[in-house]
Amino acid sequence: MVMEGGGSGNNSTPTIDKTRVLDVKPLRALVPVFPSSSEAPPYGTYSSGFSPFYPFSAPQGSQATPDLNQQTHTTPAAPLRSFRATESNWDASGGEYESYDGSTGSARGRPKSSKKRARKIHDLDFTLSVDENDFVVGVSLSERDDGNREVVHSIQMRFDALRRRLSQLEDAKESPAGIIRRADLKAGNILMTKQVRTNMRKRIGTVPGVEIGDIFFFRMEMCLLGLHAQSMAGIDYMSVRNGLEEEPLAVSIVSSGYYEDDAEDKDVLIYTGQGGAANRDKGATDQKLERGNLALERSLRRGNEVRVVRGMKDSVNQASKVYVYDGLYRIQESWVEKAKSGCNIFKYKLVRIPGQPDAFGVWKSIEKWREGLSSRAGLILPDLTSGAESKPVALVNDVDEEKGPAYFTYVSTIKYSKSFKLTPPAYGCNCQNACQPGNLNCSCIRKNEGNFPYTTNGVLVCRAPMIHECGPTCPCFPNCKNRASQTGLKVHMEVFKTKDRGWGLRSWDSFRAGTFICEYAGEVIEKVSQVGEEGDDYVFDTSRVYESFKWNYEPGLVEEDGSIEAIEEPNVPSPLVINSKNVGNVARFMNHSCYPNVFWQPIMYENNRESLIHIAFFAMRHIPPMTELTFDYGKSRLGEAAADGGSTSRGRRKCLCGAPICRGNFG
DNA sequence: GGTAGTTCACGTTG
DNA sequence: CCAACGTGAACTAC
């Protein structure tokens with residue numbers, strides 16, 4: 001979602017000053033463990049070879065946790081009316097949650113230099129960051145209580161990296177039919193045990209670091225991020241003191257389709273209470289006014305905000321579900337009605353608090369465009385590929401009058417001219433149908449260190465210097481999973497006009513981390529200089545200097561691995577330069593970002609006894625629909641030399657990516 | 001051969 | 001400590 005400056009636009013919201021009545025306290029108090037500070041290494045030093053997980057080793061929030069500690073440990077109530085994360089959310093060094101608050105929040109009037117605030121709690125900073133297995137947790141104690149954007153992204157990526165690796169190991173096992181494989185639960189359990197989690201302190205309202213529109217593919221992700229702590233139940237709640245009494249209040253709900261909810265309207269959700277459903281052991285029963293149901297009832301009376309997560313079918317992966325964090329709602333009314341089973345169920349009408357950016361609403365709009373019920377505003381061309389891809393790529397401009405990018409020829413793959421086919425002759429595998437993970441007789445799998453590069457869902461498990469896929473002349477079936485980058489576009493993309501960075505690329509569908517997006521198509525050339533001064537906008541060059549980042553799982557968490565850390569930086573035998581100025585695909589529209597959501601990965605496969613390299617793009621994180629896709633353009637080696645010499649390098653331009661860790665320029 | 005329904009073992013919280 | 005809370009993947013039936 002686009003971050004917007006200015007106020008949160010909630011002036012029209014009916015206000016109830018909950019700061020007077022709410023003394024929020026988790027039901028289960030967190031008891032921090034303080035090792036003696038002489039033994040524990042200061043947080044931020046990584047003693048066992050584990051590097052920080054933040055993409056590009058961004059400035060660590062960890063270095064500045066004391067301020068956060070001071071804030072969060074002295075103020076039990078979280079900001080009550082804050083919809084968005086702002087820049088301060090990224091910058092843990094700020095630690096000023098005041099700036100993050102909305103309009104009426106409790107933090108506003110808090111004196112910054114209160115006695116409590118001045119209390120010295122620096123010891124917290126030197127916390128248990130190494131567990132008994134010498135695994136560096138990488139999440140400080142204060143970050144476990146209260147997150148920020150970086151920590152949230154880091155934990156989400158670590159979860160999924162581990163999940164993918166566990167899936168990969170399961171896939172490779174010759175397990176008998178009927179074995180249920182739940183890598184999501186396993187990964188969640190490991191990270192929970194290792195305390196790789198955040199926002200453990202329950203709160204009403206916004207969860208720091210989680211933004212409206214963020215998506216999840218597993219309930220465990222929301223547990224680890226503190227968005228919704230229940231791994232199954234749809235209603236999460238906490239005990240809140242009201243004078244002398246304590247009562248449960250709802251903090252978040254997940255509408256997943258299990259009950260008879262009405263989730264058609266983007267701003268109104270008719271939510272069914274929990275319990276009473278028929279299962280294997282018993283038939284349907286009346287729901288009782290207890291637990292979550294009671295909490296929702298109390299929340300209706302108190303008028304507190306409730307976070308809402310909407311679950312729905314994933315448009316790409318029909319079998320699975322995607323969850324969208326849709327922001328804060330307020331319960332307007334409740335009633336009892338008869339379910340289809342004839343039993344009594346509770347119903348709660350939740351209404352979305354106005355002024356929040358669209359999230360679920362975006363999904364609803366896309367659904368209408370797809371079904372042709374409404375047309376995409378600003379649509380110039382329904383398919384700019386003229387059928388070259390199996391899925392149409394829309395051309396859209398709802399910003400200005402420009403009618404489209406300069407002319408180019410659409411091709412769906414890389415074009416090698418004869419002279420660049422330099423690699424020695426190679427042969428593919430001999431598999432008879434689809435290559436089976438774990439089958440070390442398959443030479444394509446052997447080339448990948450014995451690991452099948454993709455899970456059965458088709459997502460990339462790990463980055464590697466080179467990924468070896470089965471090629472067109474391998475005898476295995478075309479549906480072999482080891483051809484993930486060769487099946488063309490799988491989702492509905494659009495090329496759109498950005499506000500200030502020309503044309504960009506985004507998708508009507510969501511991507512989970514590791515999903516293949518597209519390859520970089522174009523003509524392979526010898527040198528960048530061949531393109532001319534103007535052309536380097538449309539050149540991909542593997543020999544540029546790219547920021548390194550960690551994406552793969554941490555081997556220390558996976559027993560079968562010992563503790564070998566595999567190299568993940570790309571390694572191409574000889575520099576590959578691709579020109580997409582005249583001939584290219586959607587990839588030529590992807591803009592640069594210093595905090596990108598897409599990365600490139602070299603892939604090699606054999607065709608007519610030649611091994612050819614392709615540049616494939618994969619989702620770095622889960623990417624919600626309509627989010628611009630960006631990757632790191634890297635730095636020119638020439639540019640560096642020129643900069644050293646004091647002159648401005650050719651093509652180096654001011655970066656407009658807007659990321660808090662923006663390097664200022666690129667090229 | 002996609003889609004719908006059924007089955008199974010499982011994690012966190014209170 | 002255990003009950004309550006649904007989930008996600010694999011399988012089966014259509």
Side-chain angles (χ1 to χ4, degrees), chain A residues 25-30 144 159-160 162-164 166-171 173-202 216-240 246-261 271-282 284-296 309 311-323 345-346 437 455-459 477-479 512:
Chain A
K25 195 182 76 176
L27 288 171
R28 191 175 59 95
L30 235 186
R144 280 178 219 164
F159 167 80
D160 210 61
L162 182 57
R163 201 207 104 245
R164 292 190 308 267
L166 294 171
S167 290
Q168 183 183 51
L169 289 168
E170 284 295 334
D171 289 346
K173 280 181 190 156
E174 283 282 338
S175 42
I179 289 290
I180 282 136
R181 305 188 297 207
R182 292 294 300 268
D184 58 318
L185 296 183
K186 216 185 268 183
N189 185 229
I190 290 172
L191 294 186
M192 280 284 185
T193 310
K194 303 281 182 192
Q195 296 277 297
V196 180
R197 56 186 300 190
T198 186
N199 293 314
M200 287 175 77
R201 197 172 58 93
K202 276 201 183 179
F216 313 93
F217 291 87
F218 298 92
R219 292 287 299 260
M220 281 308 259
E221 293 179 76
M222 293 184 274
C223 293
L224 292 168
L225 301 184
L227 182 63
H228 186 86
Q230 304 290 332
S231 66
M232 290 179 173
I235 306 165
D236 194 15
Y237 56 98
M238 68 192 287
S239 181
V240 174
E246 286 203 348
E247 63 177 351
L249 290 186
V251 296
S252 59
I253 59 164
V254 177
S255 166
S256 63
Y258 181 74
Y259 291 101
E260 301 158 24
D261 294 346
Y271 189 76
T272 308
Q274 64 187 189
N279 61 26
R280 200 170 63 252
D281 305 324
K282 59 174 173 56
T285 56
D286 287 345
Q287 291 188 339
K288 297 188 188 70
L289 191 60
E290 57 185 26
R291 298 165 187 278
N293 299 343
L294 181 63
L296 284 174
V309 176
M312 61 205 126
K313 222 180 202 179
D314 182 3
S315 57
V316 186
N317 207 332
Q318 287 294 326
S320 61
K321 223 181 268 178
V322 54
Y323 297 94
I345 52 171
F346 293 103
T455 68
T456 45
N457 275 342
V459 295
F477 288 2
N479 67 353
R512 38 170 101 190

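The structure presented is a predicted model; accordingly, all values stated were derived computationally and were not measured. Per chain, numbering begins at 1; letters A, B, ... match sequence-line order.
Applying the side-chain hydrogen bond (donor to acceptor under 3.5 Å, both in side chains) criterion to A:T272, with sequence neighbours excluded, gives A:D261, A:K347. Scanning for salt bridge (charged side-chain N to carboxylate O under 4.0 Å, His left out) contacts around A:R164 gives A:D160, with sequence neighbours left out. A:F217 pairs by the ring-ring contact (aromatic ring centres under 6.0 Å, His included) definition with A:H622, not counting sequence neighbours. Residues that satisfy the side-chain hydrogen bond (donor to acceptor under 3.5 Å, both in side chains) test with A:D184, not counting sequence neighbours, are A:R182.
Within the 4.0 Å cut-off from OP1 or OP2 of B:dC10, not a single side-chain nitrogen or oxygen of A:R182 is found. OP1 or OP2 of C:dG8 lies within a sub-4.0 Å distance of a side-chain N or O belonging to A:Y323. Close to B:dT12, at under 4.0 Å from its OP1 or OP2, lies a side-chain N or O of A:N189. Contact between the side-chain N/O atoms of A:R181 and the OP1/OP2 oxygens of C:dA10 is found at a separation under 4.0 Å. Note on A:K202: a side-chain N or O is less than 4.0 Å away from OP1 or OP2 of B:dG14.
Following rounding to the nearest Å, A:E221 (CD) and C:dT7 (P) show an atom-to-atom distance of 14 Å. Distance NE2 (A:H228) to C1' (B:dG11): 13 Å, rounded to an integer number of Å.
Map A:K313 and A:S231 each onto its nearest nucleotide of DNA chain B; the residue landing nearer the 5' end is A:K313. When each of A:R291 and A:L185 is assigned the nucleotide of DNA chain B with its nearest heavy atom, A:L185 is the one assigned upstream, toward the 5' end. Comparing A:I235 and A:S320 along DNA chain C, the residue whose closest nucleotide (by nearest heavy atom) sits nearer the 5' end is A:I235.
Ranking C:dG8, B:dT13, B:dC10 by closeness to the A:Q230 side chain, first place goes to B:dT13. The side chain of A:Y259 approaches C:dC5 more closely than any other nucleotide in the set C:dC5, B:dT12, C:dT7. Among the nucleotides B:dG11, C:dA4, C:dG8, the one closest to the side chain of A:M220 is B:dG11.
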Donor-acceptor pairs under 3.5 angstrom involving side-chain atoms of residues 227-234 of chain A: please list them, not counting sequence neighbours.
| residue | atom | partner | partner atom | Å |
| --- | --- | --- | --- | --- |
| A:H228 | ND1 | A:S252 | OG | 2.7 |
| A:H228 | NE2 | A:A233 | O | 2.9 |
| A:Q230 | NE2 | A:D236 | OD1 | 3.2 |

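If one axis is set at each end of the helix from B:dG2-C:dC14 to B:dG14-C:dC2 from five pairs, those axes are 10° apart, to 10°.
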